[in-house]
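Counting starts at 1 for both ligands and their atoms, in listed order. No experiment lies behind these values; they were computed from the predicted model shown.
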Amino acid sequence: MTDVLTGPASVTQERRLVTEVPGPRSRELLERRTAAVASGVGLTLPVFVERAGGGVVVDVDGNSLIDLGSGIAVVSVGNAAPRVVEAVQAQVAAFTHTCFMVTPYEGYVAVCEELSRVTPGDHAKKSALFNSGAEAVENAVKIARHATGRQAIVVFDHAYHGRTNLTMALTAKNMPYKQGFGPFATEVYRVPMSYPYRDEPGLTGPKAAARALALVEAQVGAGNVAGVLIEPIQGEGGFVVPAEGFLPAIADWCRASGALFVADEIQTGFCRTGDWFACEAEGVVPDLITTAKGIAGGLPLAAVTGRAELMDAVHSGGLGGTYGGNPVACAAALATIQTMREQDLAGAARAIEATMLPRLRALQERTGVIGDVRGRGAMIAIELVRPGTSEPDAELTGRIARACHAQGVVVLTAGTYGNVLRFLPPLVIGEHLLTEALDVLDAAFAQEAGAR
Ligand code: PLZ
């Protein structure tokens, strides 16, 4: 990890609180937000941002917070990363939009070329670009159905794939994502995930896969499955890392059954887990892969990348959208990918893991309320439980998160049971900031869980 300045020069890489959090300016803006913004739009931390860079977010009251969220795994290269800013400014000044389907431009093509290079597998690939993760997942399903001539999509417990109608159906958790929003799309079948902390002891990855696939064969029929859609490490579900051998067994079954293995790497992708993509850890090569979030340094961009013959199965004009692959977002993506390569941000993610895991395991030993410490690279989580049990403790999780927020550290929660604290620092975060954030976390546990 380096401590180089990786954002706007005006953002000093420090935690510094000058008011309570949220401060008076943020509270004023919160009042306006409450009056003008639909209350269905969620809110983690009512601190309004003025600028951000590297591993720091500066609020409108002048407080500097350490960022362990990256805007939900987006600004992996740092907020307002200099090279991204430069590329975006140049593109905005040249042209902002033509619609790639009307009059194309090079940036879109260059992003697809990069996706062919960085995604797993050395087969011929093609890509299509979209605006959001959910839209990419929707299109992956469209492509899988069209290419196979089959309809069923298999998804997993604890999965998160988005908030549109089809992706709500693919998502597991009811509250807050699905409650009252049905009816949902059909031909979606959910099977058990490999969740080592909560599975029965001794359930290996291959056995967990066999458990899931036996259900698919009995209840769906292998010949009806267009695709098995899976996050190689679950994101919103609580950074659930399947047991070793689970993903390869699912991928093998897909190959044997003529179903597509579709990896949703929207949260895990682009160096987050210490490789370009999380599937690489077990040498799994997806037929289709969805990406978004970290791809473009904070600009909205998403993609489906896959085997050329599958991507080309769809008739001309069958895929698209007004803004998909917007030129400004493409310029940002090219700058982001270049930054990741040149600064070895996959290596930076592995260094973050090396710093975090021992600290969190020590905290687990001391407190007795952390059931599991897990994750890979800069995608690390702890699952909070009642002492001596594996009963989820969402209430304590919320209190710890709020205590961190009050001390100027942005942390996020996750998990089907709401009892997971997850850490997604920008990959460029300085070691000193990361260590300080872990000190704040230790203190939050001392305060809220009585740990020394
Ligand atoms: N697939 C694996 O993690 C987005 C959701 C935040 P969009 N996760 C953050 C929220 O509460 O809405 C996500 C993901 C995986 C798909 C998506 C959807 O990506 O860009 O939010 O549509």
Pull out every atom of ligand 1 sitting under 4.0 Å from any heavy atom of Arg163, numbered as shown with elements.
-> 10 (C), 11 (O), 12 (O)
Where ligand 1 meets Gln267 - atom numbers and elements under 4.0 angstrom, heavy-atom basis | 3 (O), 8 (N)
Are Arg350 and Glu353 close enough for a salt bridge, meaning some N to O gap below 4.0 Å?
-> no
Could you check whether the rings of Tyr105 and Tyr108 sit parallel, tilted or perpendicular, using 30° and 60° as the cut-offs?
-> perpendicular
Among all protein heavy atoms, pick out the one at the shortest distance from atom 7 (P) of ligand 1; state its residue, atom name and that distance to 0.1 Å.
-> Gly133 N, 3.4 Å
Looking only at distances, please establish whether an N/O atom of ligand 1 is found under 3.5 Å from an N/O atom of Glu236.
-> yes
Would you call Asp287-Arg307 a salt bridge at under 4.0 Å N-O?
-> yes
Where is the nearest protein heavy atom to atom 1 (N) of ligand 1: which residue, which atom, and how far?
-> Asp264 OD2, 2.7 Å
Go through the side-chain N and O atoms of Glu135 and Thr164 and say whether any donor and acceptor fall under 3.5 Å apart.
-> no
Test item: Glu231 and Phe239 side chains (from C-beta on) under 4.5 Å apart, heavy atoms | no
Considering His161, Glu138, Glu265, which one's heavy-atom position lies nearest to atom 16 (C) of ligand 1?
-> His161
Distance-only side-chain donor-acceptor flag, Glu187 / Tyr189, under 3.5 Å | yes
Closest protein heavy atom (residue, atom, distance) for atom 9 (C) of ligand 1 = Lys293 NZ, 3.0 Å
Given the options Arg163, Lys173, Arg422, Glu236 meets salt bridge (Lys or Arg N to Asp or Glu O under 4.0 Å) only with Arg422
Establish, from distance only, whether the side-chain atoms of Lys125 and Thr119 form a donor-acceptor pair under 3.5 Å.
-> yes
State whether Phe184 and Lys178 meet the cation-pi test: NZ (Lys) or CZ (Arg) under 6.0 Å from the six-membered ring centroid, and within 45° of the perpendicular axis.
-> yes
Considering the heavy atoms of Ser132, write down every atom of ligand 1 situated less than 4.0 Å from one of them.
-> 20 (O), 22 (O)
Going by the atom numbers of ligand 1, which of them fall below 4.0 Å from some non-hydrogen atom of Ile72?
-> 6 (C), 9 (C)
Counting from 1, what ligand 1 atoms have a heavy atom of Glu231 closer than 4.0 Å?
-> 2 (C)
Ranked by distance from atom 17 (C) of ligand 1, the top protein heavy atom is Tyr160 CE2, 3.7 Å
Just need the protein heavy atom nearest to atom 22 (O) of ligand 1, so name the residue and atom and give the distance.
-> Ala134 N, 2.8 Å
Ligand 1 and Glu135, any nitrogen or oxygen pair closer than 3.5 angstrom?
-> no
